[in-house]
Amino acid sequence: MSVVEQYARAHILTDADLPDQDDGGAIPVVLRYDPELDPSAVRVALPGRGGRGARPREWTFPRGLLEQGLRAPAGDGDVRVWPCGRVQAVIEFHSPQGCSVVQFENKALVRFLRRTHQAVAQPVAH
């Protein structure tokens with residue numbers, strides 16, 4: 001089983017998290033899946049506040065939550081996911097520092113999920 005790491009662009013919807021640069025709020029996000037660490041979980045890392053060099057903020061949550069949230073609102077804790085129109089999805093991340101609301105293109109999330117399933121299905125080489 002291999003680690004899946006995918007970079008995606010997303011849009012920040014919360015004012016406190018908007019980046020300094022004027023690029024419409026698009027930020028680089030890292031989607032990560034490590035089946036050896038936890039085969040049922042995915043991780044999403046957002047760049048840290050304060051620009052380059054700031055420590056990224058990362059959330060780990062069930063892969064099933066992401067899959068459900070692409071079809072209908074899902075989640076009730078630190079992470080909530082819901083569809084936003086036909087081609088986008090929103091993920092809401094809660095932490096003691098506040099709430100970050102991030103909008104993704106569905107195709108990036110679907111591609112990532114497909115790769116996570118392929119990673120688990122691959123036979124182990126001996």
Side-chain angles (χ1 to χ4, degrees):
M1 292 187 279
S2 60
V3 173
V4 174
E5 189 168 274
Q6 178 176 310
Y7 294 84
R9 304 273 306 157
H11 292 275
I12 296 287
L13 302 179
T14 44
D15 290 342
D17 291 321
L18 287 174
D20 295 333
Q21 64 271 24
D22 185 25
D23 62 357
I27 60 165
V29 176
V30 179
L31 307 168
R32 187 172 171 83
Y33 175 71
D34 186 343
E36 291 186 19
L37 187 62
D38 185 347
S40 66
V42 294
R43 295 187 313 202
V44 175
L46 304 177
R49 292 182 183 139
R52 292 183 182 209
R55 187 173 176 182
R57 297 168 291 152
E58 186 172 280
W59 284 266
T60 301
F61 57 96
R63 178 172 60 171
L65 173 63
L66 183 56
E67 292 170 331
Q68 291 171 0
L70 292 176
R71 295 184 304 275
D76 60 2
D78 293 341
V79 179
R80 297 176 185 147
V81 184
W82 65 90
C84 181
R86 296 178 68 137
V87 298
Q88 296 176 325
V90 172
I91 304 180
E92 186 177 282
F93 301 101
H94 293 265
S95 72
Q97 293 76 35
C99 175
S100 296
V101 181
V102 184
Q103 187 175 44
F104 291 84
E105 294 292 325
N106 278 354
K107 63 183 175 182
L109 298 176
V110 168
R111 183 173 49 246
F112 172 68
L113 287 169
R114 186 176 304 123
R115 291 180 64 210
T116 68
H117 287 286
Q118 290 169 348
V120 174
Q122 291 175 352
V124 177
H126 293 281

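Counting from 1, the numbers follow the sequence of the chain as shown. From a predicted model like this one, the values you see are computed outputs, not experimental measurements.
Residues V79 and L65 have side chains in contact (heavy-atom distance under 4.5 Å, counting atoms from C-beta outward). No side-chain heavy atom of P73 sits under 4.5 Å from any side-chain heavy atom of R80. Looking at heavy atoms from C-beta onward, R9 lies in side-chain contact with P28 at the 4.5 angstrom threshold. Under the 4.5 Å side-chain criterion, counting only non-hydrogen atoms from C-beta, W59 is not in contact with I91. Under the 4.5 Å side-chain criterion, counting only non-hydrogen atoms from C-beta, V42 is not in contact with L31. Side-chain contact between Q6 and Y33: absent, with no pair of heavy atoms (C-beta onward) separated by less than 4.5 Å. Within the 4.5 Å cutoff, no side-chain heavy atoms of R57 are placed close to those of S95.
The nearest pair of heavy atoms linking S2 to A119 is O-CB, 3.5 Å. When all heavy atoms are compared, the tightest approach of A8 to A108 is CB-CB, 4.2 Å. Across every non-hydrogen atom of L46 and S100, the tightest pair is CD1-CB, 4.3 Å. Nearest heavy-atom pair across I27 and P47 is CD1-CD, 3.8 Å.
In this structure, OH in Y7 is found 8.5 Å from CZ in R32, a value given to the nearest 0.5 Å. The line from CD of E105 to CD of Q103 is 7.5 Å long, rounded to the nearest 0.5 Å. Going from atom CD of Q118 over to atom CG of L113 covers 11.0 Å, rounded to the nearest 0.5 Å. Rounded to the nearest 0.5 Å, atoms CD (E67) and OG1 (T116) are 6.5 Å apart. Rounded to the nearest 0.5 angstrom, L70 CG and L109 CG are separated by 5.5 Å. Note that the CD atom of Q68 and the CZ atom of R63 stand 12.0 Å from one another [nearest 0.5 Å].
Judged by distance alone, with hydrogens and angles left aside, the side-chain atoms of E58 form no donor-acceptor pair with the main-chain N or O of R43 at under 3.5 Å.
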- Message: With side chain to side chain contact (heavy atoms under 4.5 Å, CB included) as the criterion, how do V87 and K107 come out once you've worked through the C-alpha distance, each side chain's angles and the decisive distance to 0.1 Å?
- Response: CA-CA 7 Å; V87 298; K107 63 183 175 182; over 6 Å; no
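Under the 4.5 Å side-chain heavy-atom criterion for ILVMFWY residues, no single connected hydrophobic cluster contains both V30 and F61.
Note on residues 108-117: no pairs pass salt bridge (Lys or Arg N to Asp or Glu O under 4.0 Å), not counting sequence neighbours.
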